[in-house]
Amino acid sequence: MKLKSLALTAALVAGTLGAALAPSVVNAQAKEQFFPLLVYRTGPYAPNGTPWANGKQDYIKLVNATGGINGVKIAYEECETGYATDKGVECYERLKGRPGVALFDPQATGITFALTDKVPTDKIPLITLGYGLAASQDGGVFKWNFPLMGSYWTAADILIQHIGKKEGGMDKLKGKKIALVYHDSPFGKEPIPLLQERAKQNGFELSLIPVTAPGVEQKSAWLQVRQQRPDFVLLWGWGVMNSTALKEAVATGYPREKMYGVWWAGAEPDVKDVGANAKGYHALALNTSGTQPKVIQDILKQVHDKGQGTGPKDEVGSVLYTRGVIIQMLTIEAVKRAQERFGKGKVMTGEQVRWGMENLALDQKKLDALGFSGVMRPVSTSCQDHMGSTWARVHTWDGAKWGDMSDWYQADEQIIKPMVKAAADKYAGEKKLTRREAADCQS
């Protein structure tokens, strides 16, 4: 009995130690860098979520075909969320313990909100390119969140700047009516504080018109538009909501050239069913589209021409497909950056990848070398700035394709920075967090 007790005690101690050491042991033994891919290929958001997911997979296949990440092969697994927060959390919990896990791209603002409190404990970074929590730009509070290339605050600010420029100056916005037709979810509500601040500063009247998800029924919303007769409509939609909004605008006679969408309402699935009737509609663009960029040509040659493409070949280079490629490139470059410090050719832990995300330095020369010339702006992050770029352009639907790209706009930091800091401080207070010390920026 004594021997059995000793054996049982030893087993329990070993089990406890094994559980405590599991993440580091798992990563030490990992032979591949693992990227969990949260997707929604089903449901009302599938037309938009699918090309986004395909772009990410194809870029992984391209990197693997050309030697991996400094010799480290990439493994991945998709998990279907249907854009539902609870399913997204289930996917996260199921995949977070996989060997060599690098980071998560939740692909939804609601899922991001749910995971933001989890990732500091699990030590796994979140990349939320162009979405998520605007305040998480502040790396002093949000150590594990990376809203790369823009938030809904920077998006809203740039749209107001663009409209002001079109009107002949920001002072010309005074007295104008601007309506926000938005997806009634965390995603759709995010730009509201920025627009309220801009309304106060620029003197326009802001009207808020929510649309119940998923957005297939919008008649009451567009009845309000018809009654209010706003000078401009900002569309904060996703998936089926966007094409439905454009169809309702046609039905109510609202001019499409007075409509401006966020960058998640400016892709091919949003307008193709409306076609020529959507002519004149504008939307933000974080990236170009088309098959001309070298990276897209490489994917066609190295992946699709070899019969290994994830989706249809004619989708390659579309707006959201290209954005998926960009997201996966940034995550892989974060792993490369981490390898520069922690060991070239090694599988990186989530903590090490987080450091790589916080120290991205993708200048134009680097982007050109990666095949992304003309596709996007340079990205450079730091301990305090987890966004790395706040630039975007506006493109216009000509009835058959996206074109007429504007010059680049940068979000107004005099407005954005104080708002980000105030929101981050409020979050820190609610969660009883302290700002990171300077020494922590090197960890």
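Numbers for residues simply follow the sequence, beginning at 1.
W391 and W408 have perpendicular rings, their planes meeting at more than 60° on a 0 to 90° scale where under 30° would count as parallel.
The ring of W52 has its center closer than 6.0 angstrom to the ring center of W264. For an aromatic pair to be called close, the ring centres must be under 6.0 Å apart, and Y40 with Y83 satisfies this. Outside the 6.0 Å centre-distance limit, the rings of F142 and H386 are not counted as a close aromatic pair. Between W236 and H183, the distance from one ring center to the other does not fall under 6.0 angstrom.
With respect to K272 and E268, no salt bridge is recorded, no charged nitrogen being found less than 4.0 Å from a carboxylate O. Ionic pairing of R337 and E358 is not present here: no N-O contact between side-chain nitrogen and carboxylate oxygen is shorter than 4.0 angstrom. Using a 4.0 Å cut-off between charged nitrogen and carboxylate oxygen, E197 and K200 count as a salt-bridge pair. By the 4.0 Å N-to-carboxylate-O rule, K177 lies too far from D231 to be salt-bridged with it. Salt bridge D157/R198: present, at least one basic N to carboxylate O contact under 4.0 Å. Salt bridge status for K189 with D184: present, with a side-chain N to carboxylate O gap under 4.0 Å. Between E351 and R354 there is no salt bridge, since none of the side-chain N atoms of the basic residue sits less than 4.0 Å from a carboxylate O of the acidic one. D117 and K431 are joined by a salt bridge, as a carboxylate oxygen and a charged side-chain nitrogen come within less than 4.0 angstrom of each other. Using a 4.0 Å cut-off between charged nitrogen and carboxylate oxygen, E93 and K118 count as a salt-bridge pair. At a threshold of 4.0 Å, the pair E205-K176 does not count as salt-bridged, since none of the basic side-chain nitrogens sits closer than that to a carboxylate oxygen. For the pair E77 and R94, the salt-bridge criterion is met [side-chain N within less than 4.0 Å of a carboxylate O].
Side-chain contact of N202 with D171: a donor-acceptor pair under 3.5 Å is absent, judged by distance alone. Between D138 and Y427, the side chains place no donor N or O within less than 3.5 Å of an acceptor N or O (distance only, hydrogens not considered). Side chains of N54 and R41: a donor on one and an acceptor on the other come within 3.5 Å. With 3.5 Å as the limit, one finds a donor-acceptor pair spanning the side chains of T42 and E80. Looking at Q339 and Q352, their side chains never bring a donor and an acceptor atom within 3.5 Å of each other. Side-chain atoms of E315 and S318 form no donor-acceptor pair, as typed in the model, at a separation below 3.5 Å.
Counting all heavy atoms, side chain and backbone alike, T288 lies closest to G374 at CG2-O, 3.1 Å. Taking all atoms of both residues into account, the shortest heavy-atom contact from T381 to G388 is CG2-CA, 4.0 Å. When all heavy atoms of E190 and W153 are compared, the pair lying nearest together is O-NE1, 2.8 Å. Across H395 and G266, no two heavy atoms sit closer than the pair NE2-O, 3.2 Å. Here the closest heavy-atom approach between residue S289 and residue T322 is recorded as CA-OG1, 4.4 Å. The nearest pair of heavy atoms linking A134 to V420 is O-CG2, 4.1 Å.
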Could you walk me through whether Q107 and K56 pass the side-chain hydrogen bond (donor to acceptor under 3.5 Å, both in side chains) check? CA-CA 12 Å; Q107 279 202 196; K56 291 201 291 186; 3.1 Å; yes
Could you give me the CA-CA distance, side-chain angles and deciding distance for D58 and T310, then say whether side-chain hydrogen bond (donor to acceptor under 3.5 Å, both in side chains) is met? CA-CA 6 Å; D58 280 356; T310 309; 2.6 Å; yes
Can you list the steps and then say if L286 with L129 is a side-chain contact (heavy atoms from CB on, under 4.5 Å)? CA-CA 10 Å; L286 279 173; L129 187 143; 4.0 Å; yes
Evaluate the criterion side-chain contact (heavy atoms from CB on, under 4.5 Å) for residue pair K313 and D305; output intermediate values, then yes/no. CA-CA 9 Å; K313 190 173 182 179; D305 286 354; 2.9 Å; yes
Starting from the C-alpha separation in whole Å, work towards a yes-or-no answer on side-chain contact (heavy atoms from CB on, under 4.5 Å) for Y281 and V271. CA-CA 9 Å; Y281 168 64; V271 288; 3.9 Å; yes
Verify ring-ring contact (aromatic ring centres under 6.0 Å, His included) between F187 and Y182, making sure each step is shown before the conclusion. CA-CA 9 Å; F187 151 60; Y182 66 96; 9.5 Å; no
Let me see the working for Q57 and E78 under side-chain hydrogen bond (donor to acceptor under 3.5 Å, both in side chains), right down to the final yes or no. CA-CA 9 Å; Q57 266 207 44; E78 286 196 347; 2.8 Å; yes
Step by step, work out the side-chain contact (heavy atoms from CB on, under 4.5 Å) result for V119 and F104. CA-CA 9 Å; V119 292; F104 276 83; over 6 Å; no
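No more than 12 heavy atoms of other residues, nucleotides or ligands shown are found within 6.0 angstrom of CG on D407. Atom NZ of K346 has 12 or fewer heavy atoms from other residues, nucleotides or ligands within 6.0 Å. Crowding of K166 atom NZ: a count of heavy atoms from other residues, nucleotides or ligands under 6.0 Å not exceeding 12. Atom NZ of K87 has 12 or fewer neighbouring heavy atoms from other residues, nucleotides or ligands inside a 6.0 Å radius.
A heavy-atom distance below 4.5 Å is not found between the side chains of I178 and P230. At a threshold of 4.5 Å between non-hydrogen side-chain atoms, the residues V347 and K31 do not count as touching. Counting heavy atoms from C-beta outward, T128 and D105 have side chains that stay 4.5 Å or more apart. V325 has its side chain within reach of I299: a pair of non-hydrogen atoms, C-beta onward, lies under 4.5 Å apart. Under the 4.5 Å side-chain criterion, counting only non-hydrogen atoms from C-beta, S207 is in contact with I209. You'll find the side chain of Q297 reaches within 4.5 Å of the side chain of T291, heavy atoms only. Side-chain contact between M348 and V72 is absent, with no heavy-atom pair separated by less than 4.5 Å. Side-chain contact check for F35 versus V101: every heavy-atom pair is 4.5 Å or farther apart.
We find the CD1-CG distance between I327 and L148 to be 9.0 Å, quoted to the nearest 0.5 Å. Put simply, CD1 on I74 and NZ on K61 are 12.5 Å apart, with the number rounded to the nearest 0.5 Å. Between I163 atom CD1 and Q161 atom CD the span is 11.0 Å, to the nearest 0.5 Å. Distance check, rounded to the nearest 0.5 Å: OH of Y45 to OG1 of T50 gives 14.0 Å. Distance CG/D363 to CZ/R377: 12.0 Å, rounded to 0.5 Å. For the atom pair F204 CZ and M170 CE, the distance stands at 7.5 Å (nearest 0.5 Å).
Not a single donor-acceptor pair under 3.5 Å links the side chain of S373 to the backbone N or O of D368. Under a 3.5 Å cut-off, the side chain of T154 and the backbone N or O of G150 do not form any donor-acceptor pair.
A side-chain contact (heavy atoms from CB on, under 4.5 Å) with P106 holds for exactly one of T85, I127, T81, T112; it is T112.
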